[in-house]
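All remarks here apply to the structure that follows.
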Amino acid sequence: MTATVAPPAEPQAEPPVHKASARRKLVPYWLLLPGIVWLLVFFVLPMIYQASTSVQTGSLESGFEVTWHFQTYWDAFTEYLPQFLRSLLYAGTATVLCLLMGYPLAYLIAFRAGRWRNLLLILVIAPFFTSFLIRTLAWKTILADGGPVVEVLNTLHVLDVTSWLGMTEGDRVLATPLAVVCGLTYNFLPFMILPLYTSLERIDSRLHEAAGDLYATPATTFRKVTFPLSMPGVVSGTLLTFIPASGDYVNAELLGSTDTRMIGNVIQSQYLRILDYPTAAALSFILMAIVLIMVTVYIRRAGTEDLV
């Protein structure tokens, strides 16, 4: 008898693993698609339109036309240089004040508040439940001439010092640089406290105990342990405070005067009153470039790892 050899089995079709894995790889991009579309429509396209507007010439009656007139940038920068410097000065001062006031409060909430922590956090974010405009208008009443705040400052002779520094004029606070800085500090203080609290709350309390076991004083523990570990919050808080404060115009409009106008007031006036759209667009891009350069230098000096 001759043995019959069975034919080789046909190879079975492999499941479409590659197609499934390819689809899984595309899932994150599909999830990012709505955000990307949103940024394209409401950020990229307006930026392109503004860039086009900044190099136009013409008037509202005759119409504006793209002529690539880059001289507008230089003219706008040189004409409104005092407002640029004033905006950076006011925003920087408000940022420093927010850090000096916000850090102790964030430290208290993170390490000492106990069962009152949630209540204190609610009090920090409570101003957000009121309109930005209403909060700023309230400061007009607080700093009004003849009000209790002005009387207390006069009694303590604080206004004499601030007047010598050029922050106030005589016995009044309203319509002075001090009023604008106070408004900026108050309105943007929560933007400093919340990142600081988040950063401090992550610090392991056992590190403080270890520092005490090594005979470190509270001041040394703060300088060597707490503050370095809270630097991500410091960097984030200063950026979240300085960037919007430098472009703010509400506080200078309501609490200041013509001598305290910030660049945001100039841009608002160019857009809505003078109707000089190319100059307004050029000023916006100049401010954005200045802030971007300052933020980049600041992050590099602070260390990019502090943002992780």
- Task: Kindly indicate, with the supporting measurements, whether the criterion side-chain contact (heavy atoms from CB on, under 4.5 Å) is fulfilled by Leu133 and Leu254.
- Result: CA-CA 9 Å; Leu133 182 61; Leu254 299 179; 3.5 Å; yes
Less than 4.5 Å apart, any side-chain heavy atom of [X] and any of [Y]?
{"X": "Tyr80", "Y": "Gln270", "result": "yes"}
{"X": "Asn251", "Y": "Met262", "result": "no"}
{"X": "Asp248", "Y": "Phe132", "result": "yes"}
{"X": "Arg172", "Y": "Thr168", "result": "no"}
{"X": "Val55", "Y": "Thr67", "result": "no"}
{"X": "Ser199", "Y": "Val234", "result": "no"}
{"X": "Gln268", "Y": "Arg273", "result": "yes"}
{"X": "Tyr298", "Y": "Thr238", "result": "yes"}

- Is the distance between the ring centroids of Phe191 and Phe242 under 6.0 Å? no
- Between Phe111 and Tyr107, does the ring centre distance come in under 6.0 Å?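 Distance test on ring centres: under 6.0 Å, yes.
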Which residues share a ring pair (Phe, Tyr, Trp, His ring centres under 6.0 Å) with [X], sequence neighbours left out:
{"X": "Tyr73", "value": "none"}
{"X": "Phe43", "value": "none"}
{"X": "Trp38", "value": "Phe42"}

- Item | Among Thr176, Val180, Val181, the one residue meeting side chain to side chain contact (heavy atoms under 4.5 Å, CB included) with Met167 |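 That would be Val181; it is the only one of Thr176, Val180, Val181 passing the side chain to side chain contact (heavy atoms under 4.5 Å, CB included) with Met167.
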[X] side-chain N/O to [Y] backbone N/O, donor-acceptor pair under 3.5 Å:
{"X": "Thr162", "Y": "Leu159", "result": "yes"}
{"X": "Arg86", "Y": "Thr260", "result": "no"}
{"X": "Ser269", "Y": "Asn265", "result": "no"}
{"X": "Asn187", "Y": "Gly183", "result": "yes"}

When the side chains of residues 114-121 are checked against the rest of the protein, which donor-acceptor pairs come out under 3.5 Å, sequence neighbours left out?
unit_1, atom_1, unit_2, atom_2, d
Arg117, NE, Ile109, O, 3.2
Arg117, NH2, Ala110, O, 2.8

Taking every non-hydrogen atom, the tightest pair across [X] and [Y]:
{"X": "Ala175", "Y": "Ser257", "value": "O-OG, 3.5 Å"}
{"X": "Tyr186", "Y": "Pro127", "value": "OH-CB, 3.9 Å"}
{"X": "Trp139", "Y": "Cys182", "value": "CZ3-CB, 4.1 Å"}

Side-chain heavy atoms nearer than 4.5 Å, only ILVMFWY residues, links allowed to pass through others: does that put [X] and [Y] together?
{"X": "Leu97", "Y": "Leu156", "value": "yes"}
{"X": "Val235", "Y": "Val297", "value": "no"}
{"X": "Tyr90", "Y": "Leu100", "value": "no"}
{"X": "Met47", "Y": "Leu40", "value": "yes"}
{"X": "Val96", "Y": "Val161", "value": "no"}

Other cluster members, [X] - Ile/Leu/Val/Met/Phe/Trp/Tyr, side-chain contacts below 4.5 Å:
{"X": "Ile134", "answer": "none"}
{"X": "Tyr49", "answer": "none"}
{"X": "Val27", "answer": "Leu31"}
{"X": "Leu292", "answer": "none"}

- Item | Ser59: partners by side-chain contact (heavy atoms from CB on, under 4.5 Å), with sequence neighbours left out | Glu61, Ser62
- Between Ser246 and Met294, is a side-chain contact (heavy atoms from CB on, under 4.5 Å) present by the stated rule, with each step listed? CA-CA 12 Å; Ser246 60; Met294 295 182 65; over 6 Å; no
- Task: Indicate whether any N or O donor in one side chain lies under 3.5 Å from an N or O acceptor in the other, for Thr72 and His69.
- Result: yes
Report the distance from atom [atom1] of [X] to atom [atom2] of [Y], rounding to the nearest 0.5 Å.
{"X": "Glu209", "Y": "Asp204", "atom1": "CD", "atom2": "CG", "answer": "8.0 Å"}
{"X": "Ile142", "Y": "Leu137", "atom1": "CD1", "atom2": "CG", "answer": "11.0 Å"}
{"X": "Leu178", "Y": "Leu143", "atom1": "CG", "atom2": "CG", "answer": "7.5 Å"}
{"X": "Leu105", "Y": "Cys98", "atom1": "CG", "atom2": "SG", "answer": "11.5 Å"}
{"X": "Phe77", "Y": "Ile290", "atom1": "CZ", "atom2": "CD1", "answer": "5.5 Å"}
{"X": "Ile263", "Y": "Arg261", "atom1": "CD1", "atom2": "CZ", "answer": "9.0 Å"}

- Other residues, nucleotides, ligands: >12 heavy atoms within 6.0 Å of Phe64 CZ: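 For Phe64, atom CZ is crowded (more than 12 foreign heavy atoms under 6.0 Å).
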Donor-acceptor list for residues 146-155 side chains, cut-off 3.5 Å, not counting sequence neighbours:
unit_1, atom_1, unit_2, atom_2, d
Asn154, ND2, Val150, O, 3.3
Thr155, OG1, Glu151, O, 2.8

Distance-only donor-acceptor hits, side chain of residues 213-221, under 3.5 Å, sequence neighbours excluded:
unit_1, atom_1, unit_2, atom_2, d
Thr217, OG1, Thr220, N, 3.2
Thr217, OG1, Thr220, OG1, 2.8
Thr221, OG1, Thr217, O, 3.0

- Task: List the steps and the verdict of side-chain contact (heavy atoms from CB on, under 4.5 Å) for Arg223 and Phe227.
- Result: CA-CA 6 Å; Arg223 183 167 52 89; Phe227 188 75; over 6 Å; no
- Show your reasoning for whether side-chain contact (heavy atoms from CB on, under 4.5 Å) applies to Ser230 and Tyr103. CA-CA 10 Å; Ser230 65; Tyr103 200 102; 2.6 Å; yes
Solution key, residues 278-287 side-chain donor-acceptor pairs under 3.5 Å, sequence neighbours excluded:
unit_1, atom_1, unit_2, atom_2, d
Thr279, OG1, Asp276, OD1, 3.4
Thr279, OG1, Asp276, OD2, 2.7
Ser284, OG, Ala280, O, 2.9

